[in-house]
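Encoded as structure tokens, the structure appears first; notes follow it.
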Amino acid sequence: MKLTSIPSLYRNLRRGREILVVLRRYGLADWLSRSQRMPLQNWIKDRSGVPLTQYTRAERIRKAITELGPTFIKVGQVLASRPDLVGIELAEELKGLRSDVRPDSEEQVRATLASELGDDYESRFQSIDFEPLATASIGQVHRAVLPDGRRVVLKIQRSGIDRMMKQDLEVLEGLAQLASRVDALAVWGPQEMVRQLMPMVKNELDFNRERGSLKQFAQMLRNDSEEVVVPDVVESLCTRRVLVMNEMVGVPLARVFSHEKEANDSSPAESPKVPSSLPPEFGQRLARIYLKMVFEDGFFHADPHPGNLYYLEDGRLGILDFGMTGRIDESLRESIEEMLLAIHSGDRRRLTRLIRQVGNPRVDLDQAALEIDVADFVDTFGRQSLDRFDLAGALNQLTEILHKHGISLPNQSALLLKMLISLEGTLRELGVGFDSLDIVQTYIRRIMYRRLMPGRRLRQARRIYLENEAFLEEAPERVLSLLNQAQLGQFQIRLEPKRFAPVVNRLVIGLMASAVFLGSSLMLAYEVSPVLFRDEPVMGIQRLSTLGLVGFVLSIGVMGSLCIAIFRGDGE
């Protein structure tokens with residue numbers, strides 16, 4: 001463990017102890033003692049009195065996260081978007097996480113508004129409804145009316161959440177360092193996993209980032225304003241902890257799916273009617289807009305679940321909650337395009353190479369096993385007809401392949417995968433008829449046409465030159481430096497293998513036990529003194545070397561314990 005982490009562990013000792021108590025209660029802290037598993041007895045129950053033995057491990061993880069509070073709920077929600085790290089089963093279970101947190105009181109909301117907008121904040125609004133419209137782990141939403149009569153919503157950060165999340169993330173980082181010392185968990189890179197998650201969680205604490213994303217999407221989608229709309233930001237009232245935007249008048253797609261007909265509670269305006277079904281072209285429009293974000297704009301809304309998508313009164317699509325967005329640079333976009341072409345053409349080797357290129361494979365990756373799984377994937381989905389293509393199934397199986405072989409994705413690639421799976425699920429839940437692969441095929445044709453354009457080759461050559469310019473400048477000097485070190489006898493190669501000590505220890509002990517076994521056998525054969533049963537044989541045994549017998553028994557015991565340790569998978 002790093003010495004720099006010790007002060008944070010001492011500072012957060014009480015919270016760390018609370019976290020460990022909850023993890024142990026749900027049978028999730030067995031790795032701390034390196035035991036194979038922690039047996040759960042029927043008398044260990046959750047808060048509703050149900051024995052924990054009736055829950056799967058994924059369900060116990062979700063319940064533990066819920067009990068640990070807002071920070072871990074947000075981390076769990078982020079992990080739900082990373083099935084490449086946690087697997088499909090756990091990711092699906094974590095999608096059920098809900099922020100069951102008590103909303104801030106009116107006094108706390110007023111204090112936050114005063115600290116962010118000034119003591120005279122009330123003069124900047126005609127009215128504010130302090131009854132929250134919605135509450136989440138980081139913030140809560142309130143309706144308000146501006147002096148000019150415009151209806152807006154205020155997204156206000158919860159009081160003290162930044163301090164709480166900072167403390168919990170420090171504890172989580174310390175637990176990841178402990179987990180990395182357990183061989184069974186170290187292979188999944190817990191520290192790297194936390195390193196990827198922390199920026200995503202911390203970014204949601206700064207509402208200025210969401211404000212910037214809203215402005216960029218409004219600019220990006222201006223040519224599609226007849227089909228899609230995002231809320232307008234009230235710049236003068238936005239801060240790091242307060243986000244003010246126009247109220248979107250429409251119906252969440254989640255209500256359309258559940259056919260909820262009742263009016264919104266505490267709504268200052270007349271609530272729109274919930275349609276019994278959506279127009280057939282609505283699904284096509286939704287899919288087309290999101291694929292345009294990916295393949296043309298390179299900037300996409302990463303959380304298209306039914307609660308964030310609205311059917312507006314004029315028939316347009318409304319998009320909310322831009323706290324989670326993703327960017328795709330030209331290199332990643334070209335890799336994704338090549339993967340689509342590889343699946344379309346059934347090129348297994350090319351798809352395997354692209355998976356390794358886009359992801360972060362482990363050093364012990366089994367290339368042959370990966371190629372077999374990719375071949376099965378292409379055989380299953382590469383030959384499906386357009387009208388029967390299962391896009392969600394294809395994405396989920398690809399994610400399972402990544403998780404099985406320990407190939408983690410960069411954040412942006414993982415967000416893209418999560419967005420596509422969520423989009424497909426949303427459209428299927430809503431029963432909107434659309435041909436997903438037909439739309440993808442349209443983009444494939446555009447991709448193939450664009451790849452033939454001379455301008456693409458020029459841009460590609462320019463990017464390659466710029467990326468390698470620094471290398472070309474420094475390479476000669478570095479090569480000369482290495483040659484000089486070799487000439488002076490200062491060239492050294494230093495290897496720092498990780499977690500080799502247990503393997504080496506076993507090897508040395510095994511060799512020593514084998515040597516003792518061989519020597520003891522020779523002593524028994526040559527009846528080396530002192531001997532047992534010198535005069536009279538016992539059970540047919542006579543002149544048995546005492547030293548040989550002791551060495552023989554000890555060596556057998558040591559080798560037996562080594563075998564047991566290997567089968568148990570102990571680290572040492």
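What you see below is based on every heavy atom in this structure, not just the backbone, and it leaves out hydrogens, waters and symmetry mates.
Within the 4.5 Å cutoff, the side chain of L253 has heavy atoms near those of the F282 side chain. Within the 4.5 Å cutoff, the side chain of M419 has heavy atoms near those of the V294 side chain. Contact check for M245 versus V230: no side-chain heavy atoms found under the 4.5 Å cut-off. Put simply, the side chain of L68 does not reach to within 4.5 Å of the side chain of D168, judged on heavy atoms. Using a 4.5 Å cut-off on side-chain heavy atoms (C-beta onward), F72 and V171 make no contact.
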*Test I128 against L113 for side chain to side chain contact (heavy atoms under 4.5 Å, CB included), laying out the working first.*
CA-CA 11 Å; I128 300 175; L113 290 174; 4.2 Å; yes

*Starting from the C-alpha separation in whole Å, work towards a yes-or-no answer on side chain to side chain contact (heavy atoms under 4.5 Å, CB included) for R151 and R143.*
CA-CA 8 Å; R151 298 186 182 279; R143 283 192 173 101; over 6 Å; no

_Stepwise side chain to side chain contact (heavy atoms under 4.5 Å, CB included) check, Q167 with R163_ = CA-CA 6 Å; Q167 181 187 47; R163 184 184 69 257; 5.9 Å; no

_The test is side chain to side chain contact (heavy atoms under 4.5 Å, CB included); show your working for Y310 and V229 and say whether it passes._
CA-CA 10 Å; Y310 273 59; V229 63; over 6 Å; no

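By the 4.0 Å N-to-carboxylate-O rule, K63 lies too far from E59 to be salt-bridged with it.
Counting all heavy atoms, side chain and backbone alike, L94 lies closest to A80 at CB-CB, 3.8 Å. A pairwise comparison of heavy atoms in A144 and L154 identifies CB-CD1, 3.3 Å as the closest pair. Here the closest heavy-atom approach between residue H301 and residue D321 is recorded as NE2-O, 2.8 Å. Nearest heavy-atom pair, I289 versus V228, reported as atom, atom and distance to 0.1 Å: CD1-CB, 3.5 Å. Listed here is the closest heavy atom pair of S213 and T325: OG-OG1, 3.8 Å. Residues K155 and F207 come closest through the heavy atom pair O-CE1, 3.4 Å.
Atom CD of E89 has 12 or fewer heavy atoms from other residues, nucleotides or ligands within 6.0 Å.
Atoms CD and CG, from E227 and L312 in turn, are 12.5 Å apart once rounded to the nearest 0.5 Å. Note that CZ of R288 and CG of D224 are 8.0 Å apart. Values are rounded to the nearest 0.5 Å. Rounding to the nearest 0.5 angstrom, the gap separating the CD atom in E296 from the CE atom in M220 is 10.5 Å. Distance check, rounded to the nearest 0.5 Å: CZ of R110 to CG of D119 gives 12.5 Å. Note that CG of N203 is 12.0 Å distant from CG of N208, once rounded to the nearest 0.5 Å. In this structure, the separation between CG on L172 and CE on M198 is 7.5 Å, given to the nearest 0.5 Å.
For N246, the side chain to side chain contact (heavy atoms under 4.5 Å, CB included) partners are R150, V152, D232, V234, not counting sequence neighbours. Judged as a side chain to side chain donor-acceptor pair (under 3.5 Å), and not counting sequence neighbours, the contacts of D314 are R316. Partners of Q108 under the side chain to side chain contact (heavy atoms under 4.5 Å, CB included) rule, at least two apart in sequence or in another chain, are D104, S105, S159. For E400, the salt bridge (charged side-chain N to carboxylate O under 4.0 Å, His left out) criterion is met by no residue, not counting sequence neighbours. Applying the salt bridge (charged side-chain N to carboxylate O under 4.0 Å, His left out) test to E226 and every residue at least two apart in sequence or in another chain returns nothing.
Between F322 and F217, the two ring planes are tilted [angle within 30° to 60°].
Residue pairs meeting the salt bridge (Lys or Arg N to Asp or Glu O under 4.0 Å) criterion with at least one partner in residues 237-246, sequence neighbours excluded, are E116-R241, D162-R240.
A side-chain contact (heavy atoms from CB on, under 4.5 Å) with T112 is found for one member of I156, L117, T239 and no other, namely I156. Checking R209, K74, Q157 one by one against E204, the side-chain hydrogen bond (donor to acceptor under 3.5 Å, both in side chains) holds for a single residue, K74.
Remark: side-chain polar atoms of R124 are paired, donor with acceptor, to backbone N or O of S236 under 3.5 angstrom. Using a distance-only test at 3.5 Å, with no hydrogens or angles considered, no donor-acceptor pair links the side chain of D303 to the main chain of M324.
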